[in-house]
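Read through the structure below, which is laid out as structure tokens, and then see the notes.
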Amino acid sequence: MQRKLTLGLATALVAALLTMTSSVFAQKSATDDIAKYREMIADGNPSELYEAAGEELWKKPAGPKNATLEKCDLGLGPGVVKGAAAQLPRYFADTDKVQDLESRLMTCMLFLQGRIPQEMIDAPFQRGPKKDMEAIVAYVVTLSKGDKIKVSTNHPKEKEMYDLGKRAFFFQGGPMDFSCASCHAEDGKRIRLQDLPNITAQKGAALGWGYWPAYRVSSGQFWTMQQRLNDCYRQQRFPFPIYGSDVTIALSMYMAKTGNGGTVETPGLKR
Amino acid sequence: MNQQRRSLMKYSAIFGLMASAGLISVAQAQEWNKAAFEGKSLDDVFKILGAGSPDKSGAVTLNAPDIAENGAVVPVGIITTLKAEQMAILVEKNPSALAAQFFIPAGTETFVTTRIKMGQTSNVYALVKADGKWSMAVKEIKVTLGGCGG
Amino acid sequence: MADPMRVRAAENGGIVDVKILMKHDMEAGQRKDAAGKVIPAWFISNINVKANGKDVFNGQFGPAVSKDPFLNFKYKGAKGDKITVSWVDSKGDKRTDEATAS
Amino acid sequence: MKITHIKKLLTVTGFILATCLMQNTVLAQQKNDPKFNQMMTDSFRAEGIAGLDRIQQDETQKFCSDPVSANSKQGEKMRDKIQKINMAGIKQPSNGKYIGDWKKGEAIAQSGRGATWTDKADVAVGGGCYNCHQIDKKEISYGNIGPSLTGYGKLRGYSQEVITYTWNRINNSKAYNACSNMPRFAHFKLLNEQQIQDVMALLLDPASPVNQ
């Protein structure tokens with residue numbers, strides 16, 4: 001009897017609160033509340049779990065050559081991981097290519113461990129060899145956390161990649177006419193309650209580039225930049241961008257270069 | 001012989017006692033409150049926990065956001081000035097209301113934070129048992145649809 | 001074998017703040033796989049934390065606790081406390097990790 | 001006699017010149033870059049319902065992929081042309097009915113699903129309206145890429161003019177704004193006639209919560 005009363009009272013109170021909030025609720029407060037939510041989950045980023053696994057994989061002999069990745073050259077010399085991700089993508093003389101973190105890691109796996117890149121390219125995200133890649137990426141990017149984004153376009157191939165990336169950013173296609181620019185070329189825009197960084201400007205590009213790779217709470221997965229871009233294209237209703245393909249590296253180059261000077265906050269924690 | 005047997009029995013009794021003392025967590029692991037976690041409604045869980053109809057108390061705070069950007073991860077915390085020995089988090093509109101419960105030994109602060117899943121916007125309850133009496137705090141957390149939705 | 005946890009414990013003013021991240025899918029038993037079959041529930045059910053061998057925290061989770069569970073609590077303790085975190089899940093899998101309060 | 005000939009000649013020359021100039025500006029918008037084309041061809045593969053034809057741009061997409069040029073003074077004529085092409089493809093409802101069921105319309109507006117490579121061909125495509133628009137003000141999770149549509153009918157009235165404009169706009173927004181961010185729902189068969197009627201009702205049924 002008493003319980004019913006208390007519960008009834010509680011329900012009435014909640015109902016009253018509900019009507020109040022729904023009529024008063026301004027968008028401003030909704031976005032403020034989202035900010036509070038993000039703040040509350042910021043401490044305790046599950047990316048740490050992947051990062052620990054990645055460090056182990058980095059130091060563990062693997063592949064036909066039974067070698068570790070410890071001599072991998074990510075651009076700052078063999079074995080230098082600290083700060084390397086903050087300067088990627090970049091041109092590598094040994095492959096004569098501009099590479100992002102993941103395409104470069106595939107090169108290291110091939111050169112050092114004898115692992116065939118195609119196996120990595122064909123694997124689905126979050127499974128098999130990609131699962132290892134994701135952990136390794138978490139480890140590598142954590143060692144650039146707090147650094148400044150510092151990507152060069154001095155080499156002609158880097159400049160060319162940047163130009164291609166800029167063009168790809170505005171390239172419309174698919175049954176919804178979307179390009180990256182449809183959502184990411186203006187300040188102050190949102191999809192639903194999610195802020196959309198304006199990637200054509202330094203501040204927005206730094207926000208976009210600087211917080212990925214990240215742990216996504218909606219999927220409970222750690223996503224590399226390749227997976228992030230892959231899902232962007234999926235939502236754009238495009239065909240499937242091949243893992244490590246030039247369009248993904250070109251877009252990365254465009255974003256990273258535009259965001260130069262911003263802070264690397266990886267691994268991030270995202271919706 | 002008899003003497004020996006008696007001392008052996010005594011020994012094993014002590015050993016058993018020691019083992020059970022050492023394996024307290026294992027014992028508790030087996031005590032997972034199946035009935036409470038399988039209870040569907042708030043009332044079901046209140047009944048199984050022996051909470052009756054807990055009173056709202058200003059001494060219990062449910063620390064949670066007003067809006068969750070995603071229902072898969074909703075941060076919730078309980079903090080209380082009461083001498084809590086047990087605490088629980090319940091979500092009214094989840095398929096099973098009880099999300100988690102905690103046991104607070106003496107010397108541990110009456111504070112806990114974790115993250116829960118919510119299928120939809122719902123009232124969330126923080127229950128605290130202190131001196132054998134249950135109190136609670138309630139808060140509505142809105143779960144929003146986010147992203148492109150594809 | 002289950003993946004390792006991340007355990008952080010920081011002492012401040014006689015209170016040790018313990019933060020734990022566990023690697024676990026916390027499958028709620030509500031999702032369906034690609035073939036339309038329900039993925040059975042599989043989740044951490046019990047968690048026990050000891051400091052220098054003495055219980056400082058016990059928790060019971062249901063399947064509504066988020067994937068890769070996070071837990072934060074505080075107890076009266078000191079720098080150097082040896083913290084042992086153990087969990088067991090609904091299939092009986094176990095994991096124990098240790099950390100030292102700093 | 002001679003003068004008229006010259007006049008004619010001049011007019012023709014002028015016309016040719018103008019056409020050339022126009023074409024030049026159109027061409028100048030974005031040079032065809034074989035390297036870029038090659039990159040796009042090499043970088044994508046077909047997956048599920050998302051075939052490689054999806055990166056074969058139509059005239060509208062090609063034009064709008066260079067916003068600097070598309071928004072320039074020189075781009076104006078081309079914008080008109082693109083709008084005319086898109087307008088020409090719009091069909092009025094076959095049964096003469098513009099307003100369907102606003103409740104169904106709300107569900108369509110809420111859903112952002114469909115047409116990705118993880119969707120089956122028979123998955124109903126959502127309108128995704130709330131992604132970009134405020135509509136029913138009770139829904140607090142809305143985007144702002146497009147304008148707010150709260151009170152749509154109440155503010156604009158329910159005249160046939162408003163109804164036809166709204167119908168056209170949902171069917172093919174590019175008929176009014178060549179490079180609108182809004183998908184061409186009828187042109188690409190994202191929504192069928194009935195679904196568009198339902199979304200229309202959400203905006204223009206006086207009983208819809210949008211107009212309360």
Side-chain angles (χ1 to χ4, degrees), chain B residues 21-39 45 49 63 68 70-79 84-91 93-119 122 124, chain C residues 12-22 24-31 41 43-78 81 83-90 92-96:
Chain B
L23 290 176
I24 242 174
S25 59
V26 174
Q28 268 167 347
Q30 284 151 1
E31 282 169 20
W32 185 71
N33 195 337
K34 192 166 185 287
F37 279 105
E38 284 176 359
V45 179
L49 290 178
N63 189 17
N70 194 276
V73 175
V74 184
V76 285
I78 307 176
I79 185 158
E85 61 212 57
Q86 191 177 347
M87 307 205 274
I89 297 166
L90 284 76
V91 182
K93 288 193 182 158
N94 271 4
S96 303
L98 182 61
Q101 63 167 337
F102 312 102
F103 301 90
I104 313 296
T108 294
E109 304 278 290
T110 50
F111 158 90
V112 65
T113 298
T114 188
R115 295 170 185 168
I116 58 168
K117 295 173 214 164
M118 289 177 65
S122 169
V124 176
Chain C
N12 188 10
I15 303 288
V16 179
D17 189 349
V18 184
K19 287 175 181 158
I20 305 161
L21 271 169
M22 293 153 255
H24 203 287
D25 278 352
M26 299 299 285
E27 199 57 67
Q30 313 257 335
R31 293 193 313 148
F43 53 92
I44 292 177
S45 56
N46 293 68
I47 174 159
N48 167 264
V49 187
K50 289 182 178 24
N52 301 325
K54 187 176 154 262
D55 273 20
V56 287
F57 192 88
N58 277 297
Q60 294 185 2
F61 288 169
V65 169
S66 301
K67 182 177 176 179
D68 297 334
F70 173 76
L71 190 67
N72 178 204
F73 71 94
K74 298 167 181 177
Y75 75 93
K76 289 189 184 70
D81 279 3
I83 292 153
T84 312
V85 186
S86 308
W87 58 250
V88 57
D89 72 20
S90 53
D93 285 356
K94 288 175 179 137
R95 175 85 208 180
T96 296

TODO: Mind ranking C/Ile47, C/Val16, C/Leu71 by heavy-atom pairs under 4.5 Å with chain B and telling me who comes out on top?
DONE: C/Leu71
Task: Straight-line distance of C/Lys74 NZ to B/Thr108 OG1, nearest 0.5 Å - done: 12.5 Å
- [ ] Nearest 0.5 Å please: distance from the CZ atom of C/Phe61 over to the CH2 atom of B/Trp32.
- [x] 12.5 Å
TODO: Looking only at non-hydrogen atoms, find the nearest pair between C/Val65 and B/Ala99 and report the distance.
DONE: CG2-O, 3.5 Å
TODO: Heavy-atom distances under 4.5 Å only: say whether C/Lys19 touches chain B with side chain, backbone, both or neither.
DONE: neither
TODO: Could you grab the distance from atom CZ of C/Phe43 to atom CZ of B/Phe37, nearest 0.5 Å is fine?
DONE: 7.5 Å
Open item on the list: For B/Ala72, which atoms come within 4.5 Å of any heavy atom of chain C: side chain, backbone, both, or neither?
Closed with: backbone
Task: Segment of C/Ala51 engaging chain B (4.5 angstrom heavy-atom cut-off) - done: neither
Task: Minimum-distance pair of heavy atoms, taken over all atoms of C/Ala64 and B/Asn94 - done: CB-ND2, 3.8 Å
Task: Interatomic spacing from NZ in B/Lys34 to CD in C/Gln60 - rounded to 0.5 Å - done: 13.5 Å
Task: Closest approach of B/Lys117 to C/Lys67 (non-hydrogen atoms, all atoms of both residues) - done: CE-N, 4.1 Å
- [ ] Pick one of side chain, backbone, both or neither for B/Val76, based on which atoms fall under 4.5 Å of a heavy atom in chain C.
- [x] neither
Task: Side chain proximity check, B/Arg115 to C/Pro69, heavy atoms < 4.5 angstrom - done: no
Open item on the list: Please tell me whether C/Phe73 and B/Phe111 form a close aromatic pair, meaning their ring centres lie under 6.0 Å apart.
Closed with: no
